[in-house]
Amino acid sequence: MTSSTKFQIEGTLVAPPKRSYWIEDTIRHWILFRSVRGLTVTGGGTIDGNGKFWWQNSCKPCRQAPTALTFYSCTNLKVNNLEVLNSQQIHISMERCSDVRMSRLSIRAPSTSPNTDGIHIAHSKDVKVMDCAIKTGDDCMSIEDGTENLHVKNIVCGPGHGISIGSLGDRNSQAQVANITIDGVRLHDTANGARIKTWQGGRGYAKNIVFKNMIMDNVRNPIIIDQNYCDSATPCNKQKVAVEVSNLLFKNIRGTSASREAIKLSCSKAVPCHGIALHNVRLTLKRGGGDAKSTCQNAKWRKLGTVMPQPCSLND
């Protein structure tokens with residue numbers, strides 16, 4: 001027998017404003033659904049994290065702050081028709097979930113709000129995210145270790161850091177991400193567009209990934225693979241292992257870059273990226289002053305159709 005639970009949110013839920021109102025044992029989560037099968041969360045209401053007091057005291061690395069809405073180990077999950085605002089940190093986090101449908105979500109926080117990812121997905125499979133508008137101070141979507149069979153469709157993103165797979169492999173960890181499709185995304189005034197980021201020293205893979213039908217408007221790094229990611233106060237040492245990045249397709253991507261380097265394939269010398277295809281890509285500078293360019297390091301790619309800026313030489 002299949003059970004189902006419907007959680008209806010109407011009106012506005014507002015989080016307590018100060019850290020002193022929170023219990024240390026539960027400070028990582030505000031609203032948490034755990035180990036629920038057949039759950040639907042809907043209702044047209046608003047979840048307001050009231051995050052400005054947390055942002056003022058944020059740092060890197062950030063001290064613990066709540067995620068507004070967390071789903072942990074849920075199966076057959078539907079989340080739709082909600083507004084999530086001003087989260088203390090991540091807005092919506094999905095961890096160890098399967099068979100998920102998320103749609104018609106509006107997620108908003110100021111562009112200056114730190115670590116306010118829109119939707120964070122980790123250790124989850126068979127997930128669909130559709131018809132959402134996300135404006136935050138960090139990744140519109142962050143796709144991390146253990147994500148498999150994810151389909152994202154019709155997303156408006158910006159401001160924020162764009163759509164990011166990773167970071168993967170931090171602290172020499174194992175990471176596995178596979179079968180990801182990002183389709184029909186509009187990005188405006190974001191730091192990145194289609195992005196994959198991994199740390200040196202990690203292991204595992206990020207493979208079978210498609211970014212397609214994307215429109216960039218004033219995006220600083222429209223297409224970027226960074227296998228030398230280092231979000232650290234001290235320099236990261238060169239290492240002989242890395243998360244393998246392979247079988248990637250960037251298709252039907254057009255628009256404007258805020259920087260001259262519209263395509264950046266910065267891959268590991270120890271574990272080069274391979275199986276990269278650029279198919280019908282057309283990126284130009286937002287403002288005048290020359291042409292956009294692409295750069296490559298340790299990346300094996302091929303060109304299909306028209307690609308601007310031209311794919312860089314393997315010797316670059």
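Quick note: numbers below take in every heavy atom, side chains included, and nothing from hydrogens, waters or symmetry partners. In this chain, residues are counted from 1 in sequence order.
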message = Once disulfide bond (SG atoms under 2.5 Å apart) is applied, do any residues pair with C273, and if so which ones, sequence neighbours excluded?
response = C267
query = Does L82 reach the side chain of T46, with side-chain heavy atoms less than 4.5 Å apart?
reply = no
task = Give the minimum heavy-atom separation between S73 and C97, together with the two atoms involved.
result = N-SG, 3.8 Å
query = Taking only residues at least two apart or on different chains, which pairs with a member in residues 162-172 satisfy salt bridge (charged side-chain N to carboxylate O under 4.0 Å, His left out)?
reply = none
query = Hey, does the side chain of N221 reach the backbone of A191 with a donor-acceptor pair shorter than 3.5 angstrom?
reply = yes
task = For Q310 and K303, run side chain to side chain donor-acceptor pair (under 3.5 Å): C-alpha distance rounded to whole Å, both residues' side-chain angles, the deciding distance at 0.1 Å, then the answer.
result = CA-CA 9 Å; Q310 285 289 324; K303 169 186 171 182; 3.1 Å; yes
message = Quick check: do E244 and V271 have side-chain heavy atoms less than 4.5 Å from each other?
response = yes
key: Nearest-0.5 Å distance, CD1 of residue I182 to CD1 of residue I155   = 8.5 Å
inquiry  = Under 4.0 Å between a side-chain nitrogen and a carboxylate oxygen: does that hold for R101 and D99?
reply    = yes
Separation of L265 CG from L248 CG (nearest 0.5 Å) = 9.0 Å
message = Taking D226's backbone N and O only, do any of them form a donor-acceptor pair with S266's side chain (distance below 3.5 Å, no angle check)?
response = no
message = Can you give me the closest heavy-atom contact between N86 and H91, atom names plus distance?
response = N-NE2, 3.4 Å
key: Minimum heavy-atom distance between I121 and M141, given as atom pair plus value   = CD1-CE, 3.9 Å
Side-chain donor or acceptor of Q174 paired with backbone N/O of G169 under 3.5 Å = no
request  = Evaluate the criterion side chain to side chain donor-acceptor pair (under 3.5 Å) for residue pair N280 and T306; output intermediate values, then yes/no.
outcome  = CA-CA 5 Å; N280 293 341; T306 300; 4.9 Å; no
ask   = Are the side chain of S87 and the backbone N or O of G49 linked by a donor-acceptor pair below 3.5 Å?
value = no
message = Is the shortest side-chain heavy-atom distance between N213 and K251 below 4.5 Å?
response = no
task = Keeping the roles fixed (side chain from E10, backbone from G43), state whether a donor-acceptor pair exists under 3.5 Å.
result = no
query = Is there a donor-acceptor contact under 3.5 Å linking the side chains of S93 and E95?
reply = yes
request  = Evaluate the side-chain proximity of I180 to N208: yes if any heavy-atom separation is below 4.5 Å, no if none is.
outcome  = no
message = Whether the S164 and D139 side chains hold a donor-acceptor pair (N or O, under 3.5 Å, no angle test) is what I'd like checked.
response = yes
4.5 Å side-chain heavy-atom contact, V100 and M94 = yes
key: Taking every non-hydrogen atom, the tightest pair across L283 and P222   = CD1-CB, 3.7 Å
inquiry  = Between R19 and E24 (salt bridge meaning N to carboxylate O under 4.0 Å), is one present in this structure?
reply    = yes
query = Please, which pairs that meet ring-ring contact (aromatic ring centres under 6.0 Å, His included) have at least one residue in residues 188-219, sequence neighbours excluded?
reply = W199-Y229, F211-F250
message = When you compare the side chains of D117 and S142, does any donor N or O come within less than 3.5 Å of an acceptor on the partner?
response = yes
query = Does a side-chain heavy-atom distance below 4.5 Å link R282 with M308?
reply = yes
task = Please examine the side chains of Q239 and N172, heavy atoms only from C-beta on, and report whether any two atoms are closer than 4.5 Å.
result = yes
Name of the residue among I224, T295, V281 meeting side-chain contact (heavy atoms from CB on, under 4.5 Å) with I263 = V281
remark   = Separation between CG (L278) and CD1 (I253), nearest 0.5 Å, reads 8.0 Å
remark   = Between W22 and P16, the two heavy atoms sitting closest are NE1-O, 3.6 Å
key: Atom of L304, atom of A277 and distance for their closest heavy-atom approach   = CD1-CB, 4.4 Å
message = Would a single hydrophobic cluster contain both M102 and L150, if residues Ile, Leu, Val, Met, Phe, Trp and Tyr are joined by side-chain heavy-atom contacts under 4.5 Å?
response = yes
inquiry  = Less than 4.5 Å apart, side chain to side chain, heavy atoms only: is that true for I107 and I92?
reply    = yes
ask   = How many angstroms lie between NE2 in H120 and CD in Q89, if you round to the nearest 0.5 Å?
value = 10.0 Å
message = With a 3.5 Å distance limit and no angle check, can you tell me whether T116 reaches the backbone of S113 through a side-chain donor-acceptor pair?
response = yes
request  = Apply side-chain contact (heavy atoms from CB on, under 4.5 Å) to L13 and I31, showing your working.
outcome  = CA-CA 10 Å; L13 299 175; I31 301 171; 4.1 Å; yes
query = Can you list the steps and then say if V41 with F71 is a side-chain contact (heavy atoms from CB on, under 4.5 Å)?
reply = CA-CA 10 Å; V41 180; F71 300 95; 3.8 Å; yes
task = State whether K286 and D217 are salt-bridged, where the test is any N-O pair (Lys NZ or Arg NE/NH1/NH2 against Asp/Glu carboxylate O) under 4.0 Å.
result = yes
remark   = For F7, the ring pair (Phe, Tyr, Trp, His ring centres under 6.0 Å) test, sequence neighbours excluded, returns F33
query = Can you check side-chain contact (heavy atoms from CB on, under 4.5 Å) on L285 and R260, steps first, answer last?
reply = CA-CA 6 Å; L285 279 176; R260 190 173 300 281; 3.8 Å; yes
ask   = Are Y21 and L32 joined in one hydrophobic group, where the rule is that I, L, V, M, F, W and Y side chains link up if heavy atoms are under 4.5 Å apart?
value = no
message = I'd like to know if the side chain of T67 pairs up with that of H29 as donor and acceptor (distance under 3.5 Å, no hydrogens or angles considered).
response = no
key: Pairs meeting criterion salt bridge (charged side-chain N to carboxylate O under 4.0 Å, His left out) with involvement of residues 266-280, two or more places apart   = none
request  = Step by step, work out the salt bridge (Lys or Arg N to Asp or Glu O under 4.0 Å) result for R108 and E83.
outcome  = CA-CA 8 Å; R108 290 187 287 117; E83 184 176 51; 2.7 Å; yes
ask   = Do any N or O atoms from the side chain of T147 and from the backbone of E144 form a donor-acceptor pair under 3.5 angstrom?
value = yes
message = Determine whether a donor-acceptor pair (N or O, by modelled atom type, separation under 3.5 Å) exists between the side chain of R195 and the backbone of I223.
response = no
request  = May I have the step-by-step check of side-chain contact (heavy atoms from CB on, under 4.5 Å) for K197 and L168, ending in yes or no?
outcome  = CA-CA 7 Å; K197 51 180 178 174; L168 305 175; over 6 Å; no
message = Please list all pairs meeting disulfide (SG to SG under 2.5 Å) that have one or both residues in residues 110-197, counting only residues at least two apart or in different chains.
response = C140-C157
task = State the CD1-CD1 distance between I119 and I163, to the nearest 0.5 angstrom.
result = 8.5 Å
message = Quick one: does any side-chain atom of S124 pair with a main-chain N or O of R96 as donor and acceptor, under 3.5 Å?
response = yes
key: Matching residue for I225 among I209, I165, T198, I276 - test: side-chain contact (heavy atoms from CB on, under 4.5 Å)   = I276
message = Quick test of your reading of the model: are R104 and D131 salt-bridged, counting only N-O distances below 4.0 Å?
response = no
inquiry  = What verdict does the side chain to side chain donor-acceptor pair (under 3.5 Å) test give for N80 and T42, after you've listed the backbone C-alpha separation in whole Å, the side-chain angles of each residue and the deciding distance to 0.1 Å?
reply    = CA-CA 5 Å; N80 58 61; T42 187; 2.6 Å; yes
